[in-house]
Chemist: 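Starting off with a structure, shown below.
Predicted model, so just to flag it, every value in this text is computed and none were measured.
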Amino acid sequence: MGKKRRLEGGSGAEPAAAEQGGEREDDAQEVPGAWGGGGGAPGSAGGSRVEAELVSYLQEVAATARGLADAEERSLLVANVLEEVSGKELRIANDAVTSRLLEQLLAGAPAPQLMAFLGAFTNEDSLFSLAGGAFGSHVAEKALAGLHAAADGLEPEPASALAALLGGLVGAMGGHLYDYILDKHATHVARALLVAVAGRDVLTPLPKKKAAAAAAAAAAAAEDDGGDPAVAASAANAPAFKPGRSALAEKLEGSRPGGARGGGAGAPPARFPDLLRKLAKMLPIYDAPAMALLAKDSHASPFVQAVLRAAAGDEELLGLLLPPVLGVDAAKAGAAAPGAVLATLTDSSVGRLLRDDVASHLMEVAVGVMPPGLGAEFESRFLTGRLLPLSNHHAANFVIQAWLAAASSPGQVQAALGELGRAVADLLQRRRSGVVAALVAAAGRVGGPAQQAAALEALAAGLGALPQWQGRQGSDHLAPALLCLDTTAALGAGAAHAHAHGRAHGRGGGPRLSTPGAALLGTILTLYPRKPARPWVASVTALSPGDAAAAARDPAGSRALQALLEGGAAGAADKAALLGRLAGAWGDVALQGAGSFFLERAYAWADLAGKEAIVAEVAARQDALLAGCPWGPLLARKLALEAYVRSPEEWRKRAASASAAKRELESVLAGEGGGGKKRKRQKGAGDGGAQPDAAPDAAAANGGGEGDGGGGGGSSSSKKERKKARREAAAAAAAAALAGGDAAQQPDGGGDDARRAAKRAEKRKRSEGGGGAAAAAAEALASAERPPKQKKRNGQEAAAQGGGGGGAAKRGRSSPQPTAMDTDDIVALLSFGGGGGGGKAAKRHKKGRA
């Protein structure tokens with residue numbers, strides 16, 4: 001088998017954009033049974049080329065499997081099916097009808113069964129017949145994706161079997177990897193095999209619209225009973241792997257772990273390093289013309305990109321792969337002196353790679369994973385002095401963004417500012433806002449104070465030079481300018497004109513706010529120190545009530561406002577000012593999906609009066625919220641809307657109880673590590689980011705800070721003694737709160753009655769002032785620091801006692817170091833939801849937000 005098996009159309013004739021997203025062409029037009037897979041009678045069983053009896057059998061077992069809730073029963077059923085079709089796997093997988101049934105059966109199958117299925121394709125001919133088929137490639141890709149998902153939880157023996165199977169598949173590809181990755185179907189199987197070997201998803205993320213369409217198809221398939229062929233076809237064409245971080249997230253947060261110029265110290269090692277190196281060395285690294293063809297081929301280039309991502313952090317392997325990617329033969333690169341590896345390359349050859357619509361994608365990954373030495377040589381030879389023209393090119397500007405995302409030193413940021421700082425206005429007018437965003441984010445991540453100040457100054461000057469913002473004085477226009485960047489939306493001075501022409505904001509109709517602009521504003525509010533970010537904070541708090549409400553309802557704008565609440569650039573007064581701007585709009589904000597998430601964060605930060613103001617406005621729109629919004633019931637439970645409508649006074653008592661419990665828990669958390677600074681910030685509360693209701697009496701809530709190991713500098717002389725004092729304080733608080741539940745600890749005779757009595761006592765304590773909730777949270781904190789055996793024993797005791805304390809103890813055991821988010825969650829559960837109430841709904845809500 002050689003290159004003769006490659007499709008004639010696999011040389012990159014298809015548009016690059018479709019393939020770079022990882023989406024293959026519609027398989028409905030493909031001929032069933034191609035690549036040697038079809039062996040049955042044409043036209044049988046609704047177009048299947050497999051025997052009618054076998055098709056009927058597979059349809060019956062697929063319908064049965066969909067109705068099985070027990071995983072063990074489903075596993076036994078799939079094992080029986082695989083035994084029944086043994087020897088016929090290739091024909092079934094390459095058939096238009098049975099391949100979809102086989103995919104349904106293999107979905108969620110345990111690793112041993114997936115390995116048994118793929119084990120039938122460990123020879124060259126059968127593997128290429130499966131991978132090169134229009135339908136078989138989907139089956140193979142989904143089976144490999146299932147193995148990848150299940151591999152980390154395998155015991156040593158199955159893990160060894162998996163390594164042997166993947167080694168067999170890599171060996172079956174042999175010297176024909178070149179043919180696989182140039183084929184429009186087989187390339188997807190090769191990528192899935194690479195992911196399973198690497199142990200992490202290294203594929204190019206789907207574009208946002210394609211990812212949303214794939215998620216919708218998967219959701220429809222999950223709800224469908226299998227009777228709709230269109231739904232089944234859509235689900236079969238969905239990507240096998242979940243999309244990774246978006247390109248926007250990478251440019252603002254930095255390259256993937258291990259992808260930075262610093263050598264990738266944070267990159268997790270490959271699951272099977274030897275197999276990864278073997279697979280990578282199958283590329284034609286000693287044949288420069290062949291590598292040049294792969295770089296510009298729309299099917300092969302994504303595979304090479306994935307190999308580079310998988311090798312991030314392995315400088316030896318990257319040193320072998322990167323020179324051929326750039327056009328230097330591996331043998332010549334190995335013999336070159338350090339700093340002269342790329343000496344044989346010309347500016348024109350590298351410039352063509354940077355500007356090519358397909359090869360530029362590969363160059364983005366290459367500049368992100370380059371080891372320090374090679375990266376410095378590439379930068380000095382081909383980027384220095386050329387950043388501005390490259391940034392203005394429609395394809396090369398993405399390479400510059402990737403290079404900025406991988407920046408690891410203030411010197412790199414300074415060099416970029418020297419070339420691009422004066423051209424920010426021109427870049428924004430040419431709609432190259434991605435380069436500007438990457439530059440500002442790089443300065444915030446790795447730049448020094450001088451670079452950070454220069455980057456924000458250049459950005460402010462560039463925004464002020466845009467036609468719609470020219471002549472503006474002060475800083476009030478900065479946030480509106482970013483939120484409306486590259487869109488037709490209008491805030492600030494242009495809002496009146498937009499409303500006069502019938503344009504609205506956000507999901508209610510009309511243009512949405514700028515996603516990159518809002519993300520950049522959020523980056524400034526979270527990454528930058530308070531002093532340089534001050535004008536941008538002031539600009540957000542200066543938004544008019546209408547503009548603030550429009551931003552809170554918008555998917556992008558709400559994240560920028562959330563960044564102000566959660567970041568360190570804004571003080572408590574700024575955050576309170578923003579919430580004041582939104583007074584009267586909370587009901588409308590709650591009716592938008594994105595707005596509801598921001599509303600939750602605002603409610604968590606607000607003081608008691610602010611919380612009531614939010615709840616009162618949302619309660620007025622409760623009917624619309626519950627009737628027309630999928631997130632309505634969960635939001636109503638989090639805000640306790642029903643309780644507020646029934647009795648506002650009772651709601652206030654319970655909200656005050658939650659605040660008291662939170663203050664007590666935060667006072668315990670503040671005792672860690674010397675304690676003086678955090679206490680002072682909480683008492684000051686005027687300039688910090690602490691919540692208003694968390695500041696008063698924080699020390700007094702725990703007895704003046706004397707026993708928690710942290711107040712006023714603490715009485716402990718070492719970290720060990722402080723931890724001991726902290727545990728003792730938490731245990732004392734828990735013992736005092738649970739004193740009324742001693743009956744629950746009786747011998748086995750009175751178990752149920754004692755537990756019910758303990759629960760009633762705990763409810764009374766929560767309604768009286770929150771002491772029980774705070775003590776339960778303190779017990780959770782103490783449990784987090786106990787040795788494993790002691791934690792398990794105490795957890796069993798808490799479960800026997802019942803009430804809210806048990807749920808809190810479980811939360812403590814699963815989170816060794818509680819954070820501020822843990823504090824909110826624990827208090828919310830204990831105060832409004834009871835002991836663990838609403839846990840499943842909360843998990844679903846958090847999963848949807850992620």
Chemist: Looking only at heavy atoms, which two atoms of Thr98 and Arg91 are closest? And how far apart?
Modeler: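 Heavy atoms of Thr98 and Arg91 come nearest at OG1-O, 4.3 Å.
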
Chemist: To check you understand the geometry: which heavy-atom pair defines the closest contact between Ser86 and Glu89, and what is its length?
Modeler: CA-OE2, 3.4 Å

Chemist: Should Leu127 and Tyr180 count as side-chain neighbours, where that means a heavy-atom distance under 4.5 Å?
Modeler: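 A side-chain contact exists here, since the closest heavy-atom pair is under 4.5 Å.
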
Chemist: Could I get the full list of side chain to side chain contact (heavy atoms under 4.5 Å, CB included) partners for Asp152, not counting sequence neighbours?
Modeler: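 In terms of side chain to side chain contact (heavy atoms under 4.5 Å, CB included), with neighbours along the sequence ignored, Asp152 is linked to Arg271.
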
Chemist: So Leu320 and Ile285, side-chain contact (heavy atoms from CB on, under 4.5 Å) or not? Walk me through it.
Modeler: CA-CA 8 Å; Leu320 187 66; Ile285 55 178; 3.7 Å; yes

Chemist: Scan Glu103, His185, Arg100 and name whichever one has a side chain to side chain contact (heavy atoms under 4.5 Å, CB included) with His138.
Modeler: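 Filter result, single survivor: Glu103.
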
Chemist: Show the numbers, then the answer: is there a side-chain contact (heavy atoms from CB on, under 4.5 Å) between Asp314 and Leu276?
Modeler: CA-CA 11 Å; Asp314 187 342; Leu276 175 60; over 6 Å; no

Chemist: What closest approach, in Å, do Ala120 and Ser126 show between heavy atoms, and which atom pair accounts for it?
Modeler: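 Answer, listing the atom of Ala120 first, then Ser126: O-OG, 3.8 Å.
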
Chemist: How would you list all residue pairs meeting ring-ring contact (aromatic ring centres under 6.0 Å, His included) that involve residues 68-114, not counting sequence neighbours?
Modeler: none

Chemist: What's the spacing between Lys88 NZ and Leu90 CG if we round to 0.5 Å?
Modeler: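 Lys88 NZ to Leu90 CG: 13.5 Å, rounded to 0.5 Å.
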
Chemist: Would you call Leu308 and Leu362 a side-chain contact if the rule is heavy atoms closer than 4.5 Å?
Modeler: yes

Chemist: Under a 4.5 Å cut-off applied to non-hydrogen side-chain atoms, are Val85 and Leu102 in contact?
Modeler: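 No - every pair of side-chain heavy atoms lies 4.5 Å or more apart.
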
Chemist: Could you grab the distance from atom CG of Leu165 to atom CZ of Phe121, nearest 0.5 Å is fine?
Modeler: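 Leu165 atom CG to Phe121 atom CZ measures 11.5 Å (nearest 0.5 Å).
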
Chemist: Atom CD1 of Ile92 and atom CG of Leu101: how far apart are they, to the nearest 0.5 Å?
Modeler: 9.5 Å

Chemist: Looking at Pro302, is its backbone amide N or carbonyl O close enough to the side chain of Arg191 to form a donor-acceptor pair, meaning the two atoms are under 3.5 Å apart?
Modeler: no

Chemist: Are a donor atom and an acceptor atom from the side chains of Ser301 and Gln305 found within less than 3.5 Å of each other?
Modeler: yes

Chemist: Donor-acceptor pair, Ser56 side chain versus Ala52 backbone, under 3.5 Å?
Modeler: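 Pair absent, no side-chain N/O of Ser56 close to backbone of Ala52.
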
Chemist: What pair of heavy atoms forms the shortest contact from Leu166 to Ala196, and how long is it?
Modeler: CD1-O, 4.0 Å

Chemist: Under the side chain to side chain contact (heavy atoms under 4.5 Å, CB included) test against Phe303, which residue among Leu194, Leu182, Leu193, Asp297 passes?
Modeler: Leu194

Chemist: Which atoms form the tightest heavy-atom contact between Tyr178 and Pro284, and what is the distance?
Modeler: CD1-CG, 3.9 Å

Chemist: Do Leu283 and Ile181 have side chains that get closer than 4.5 Å, going by heavy atoms?
Modeler: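 Contact flag for Leu283/Ile181 side chains = yes.
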
Chemist: With rounding to the nearest 0.5 Å, note down the distance linking CG in Leu275 to NZ in Lys278.
Modeler: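 Spacing of CG (Leu275) from NZ (Lys278) equals 7.0 Å.
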
Chemist: Indicate yes or no: at least one non-hydrogen side-chain atom of Leu634 is less than 4.5 angstrom from one of Ser596.
Modeler: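 No - every pair of side-chain heavy atoms lies 4.5 Å or more apart.
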
Chemist: Which atom pairs, donor and acceptor, lie under 3.5 Å between side-chain atoms of residues 69-78 and protein residues at least two apart or in another chain?
Modeler:
from  : atom 1 : to     : atom 2 : distance (Å)
Asp70 : OD2    : Glu72  : N      : 3.1
Asp70 : OD2    : Glu73  : N      : 2.9
Arg74 : NH1    : Ala65  : O      : 3.1
Arg74 : NH2    : Gln104 : O      : 2.9
Arg74 : NH2    : Ala107 : O      : 3.1
Ser75 : OG     : Gln113 : NE2    : 2.9

Chemist: Please step through side-chain contact (heavy atoms from CB on, under 4.5 Å) for the pair Tyr57 and Glu84, ending with a clear verdict.
Modeler: CA-CA 10 Å; Tyr57 168 73; Glu84 181 71 23; 3.7 Å; yes

Chemist: Report yes if the side chains of His299 and Asp183 come closer than 4.5 Å at any heavy-atom pair, otherwise no.
Modeler: no

Chemist: Distance check, rounded to the nearest 0.5 Å: Met282 atom CE versus Met173 atom CE?
Modeler: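 Result: 8.0 Å between the selected atoms.
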
Chemist: Working to the nearest 0.5 angstrom, can you tell me the gap between Glu566 CD and Arg559 CZ?
Modeler: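 Spacing of CD (Glu566) from CZ (Arg559) equals 10.5 Å.
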
Chemist: For Val358 and Ala295, which heavy atoms make the closest approach, and how far apart are they?
Modeler: CG1-O, 3.7 Å

Chemist: Side chain to side chain contact (heavy atoms under 4.5 Å, CB included) with Leu106: which of Leu114, Leu118, Val81?
Modeler: Leu114

